[in-house]
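Heads up: the structure comes next, in structure tokens.
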Amino acid sequence: MHWNKKFECMPLDQLKAFQLKNLKKTVAWVFDKVPFYTRKFKKLGISANDLKHIDDISKLPFTVKNDLRDNYPFGLCALPMDDIIGIHASSGTTGTPITNVYTQADLDQWAECVARNLWAYGVRKKDIVQNAYGYGLFTGGLGLHYGLLKIGCSIIPTSSGITERQVKLLKDFKPTALCSTPSYALTIAEKAEEMNIDIRKLPLKIGIFGAEPWTREMCSAIEERMGITALNIFGLTEMCGPGVGYECSVGQNGSHINEDHFIAEILDTKTFKPVPMGEKGELVFTSIQRQAMPLIRYRTKDITRFIPEKCSCGRTFVKIDRIFGRTDDMLIISGVNIFPSQIESFLFDIKEVDPQYRLIVRKKGYLDKLIVQVEARQEVYDKGEETRKQVEAKINSHIKDNIGISVDVNLVKPKFIGRSLGKAVRVVDER
Ligand SMILES: [Zn+2]
């Protein structure tokens, strides 16, 4: 059940020693090769020799998203372009894109990390896998592809989009696993229902979903509609892409981090000191086996916690909980901090609506107002305006009971909200 037992189940003292050795190597590497880090380390008067214990990582400076933007596109690359064989980038919808570059060794380590993920989900050589992550600059498509190649699966590289064809191939090619964002999986499920194809009766059994935060409730809804086990794959462009962390087969309760490649820290969002084990904070990563663009203490802005309990699967790699939200996505409405994922989980409690929603933030006088726009189920919508008003009131009071603020609920007709082909847009800020 382990792809690489030597590392995945390594005794903790050996793992810490391995991490320290590779952290020192990485720090010396970027000190020597990346002027951005040379300057930062010199300013703090620190070098690889000052790292005596793995906790000494706290002496190192942070890297933030703006550092990547300031050094766009290749300013943080440690090697000449001659050594680079792969380039990826984020979509750049919220500003300058974030780039990542890879040597052959970087692609090999990426494939290794993704293969461990897939293996833990039960994907084997005999599986046929439909990869509906976008192929291209986005790390999702090719990242999964490299891992699937390493295992030796039959890959159907559909990329995202052309949803009718995705459904047709699920029926005709009979894949046993599907990779996509969770919101796109829902789009596929919905299209299949429209086409009168029952995915639950097809051989599909495993869903490998990630690249956007999703709730436990969303996971159950997809499992129910597709008749599969849905598992989370965790990653970020800045580290490599998907494959940084993975859920294991013994329970969908958190993702193991590939700790021989990435050191994870969870820090208090104000003091930037480690939080006590099990408490929430900002997730920070250091890549310790990369060549082309290792990052030191990269602040992800993702909020999560370490799961303190030891996992019964035998892996010693630490587990992180789901991503509760990003400090970037946090909405402050009437002084209350809200993450879109909280609203999502409340909506799943309401059986009259479908899990298609948008949150619109608007100025109303001096105050910010949150509008929750959500699609009614067809039979509910057809009952008329009075029923719709009752459902809106029900959602409002459910949210108010739980987080103490009043929102405007806008129940819309089925298919009103645009469907996701990749990462869903959940928040529209009109302020
Ligand atoms: Zn486990």
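Indexing begins at 1, ligand by ligand and atom by atom, following the structure's order.
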Donor-acceptor contacts under 3.5 Å from residues 293-300 side chains, at least two apart:
{"from": "Arg297", "atom 1": "NE", "to": "Ile57", "atom 2": "O", "distance (Å)": "3.4"}
{"from": "Arg297", "atom 1": "NE", "to": "Glu265", "atom 2": "OE2", "distance (Å)": "3.0"}
{"from": "Arg297", "atom 1": "NH1", "to": "Ser58", "atom 2": "O", "distance (Å)": "3.3"}
{"from": "Arg297", "atom 1": "NH1", "to": "Leu60", "atom 2": "O", "distance (Å)": "2.9"}
{"from": "Arg297", "atom 1": "NH2", "to": "Glu265", "atom 2": "OE1", "distance (Å)": "2.8"}
{"from": "Tyr298", "atom 1": "OH", "to": "Glu238", "atom 2": "OE2", "distance (Å)": "2.8"}
{"from": "Arg299", "atom 1": "NE", "to": "Glu282", "atom 2": "OE1", "distance (Å)": "3.3"}
{"from": "Arg299", "atom 1": "NE", "to": "Glu282", "atom 2": "OE2", "distance (Å)": "3.1"}
{"from": "Arg299", "atom 1": "NH2", "to": "Glu282", "atom 2": "OE1", "distance (Å)": "3.2"}
{"from": "Thr300", "atom 1": "OG1", "to": "Leu283", "atom 2": "O", "distance (Å)": "2.6"}
{"from": "Thr300", "atom 1": "OG1", "to": "Asp302", "atom 2": "N", "distance (Å)": "3.0"}

Are the side chain of Asp127 and the backbone N or O of Val129 linked by a donor-acceptor pair below 3.5 Å? no

Atoms of the protein (N/O/S only) found under 2.8 Å from the Zn ion (ligand 1): Cys248 SG, His256 NE2, Cys311 SG, Cys313 SG

Heavy-atom pair of closest approach, residues Pro175 and Leu169: CD-O, 3.5 Å

Restricting to non-hydrogen atoms, name the atom on Ile87 and the atom on Tyr102 that form the minimum distance, rounded to 0.1 Å. N-CD1, 4.4 Å

Against Gln109, only a single residue in His261, Gln291, Gln289 fulfils side-chain hydrogen bond (donor to acceptor under 3.5 Å, both in side chains); can you say which? His261

Cys240 to Thr139 - nearest heavy-atom pair and separation: O-CG2, 3.5 Å

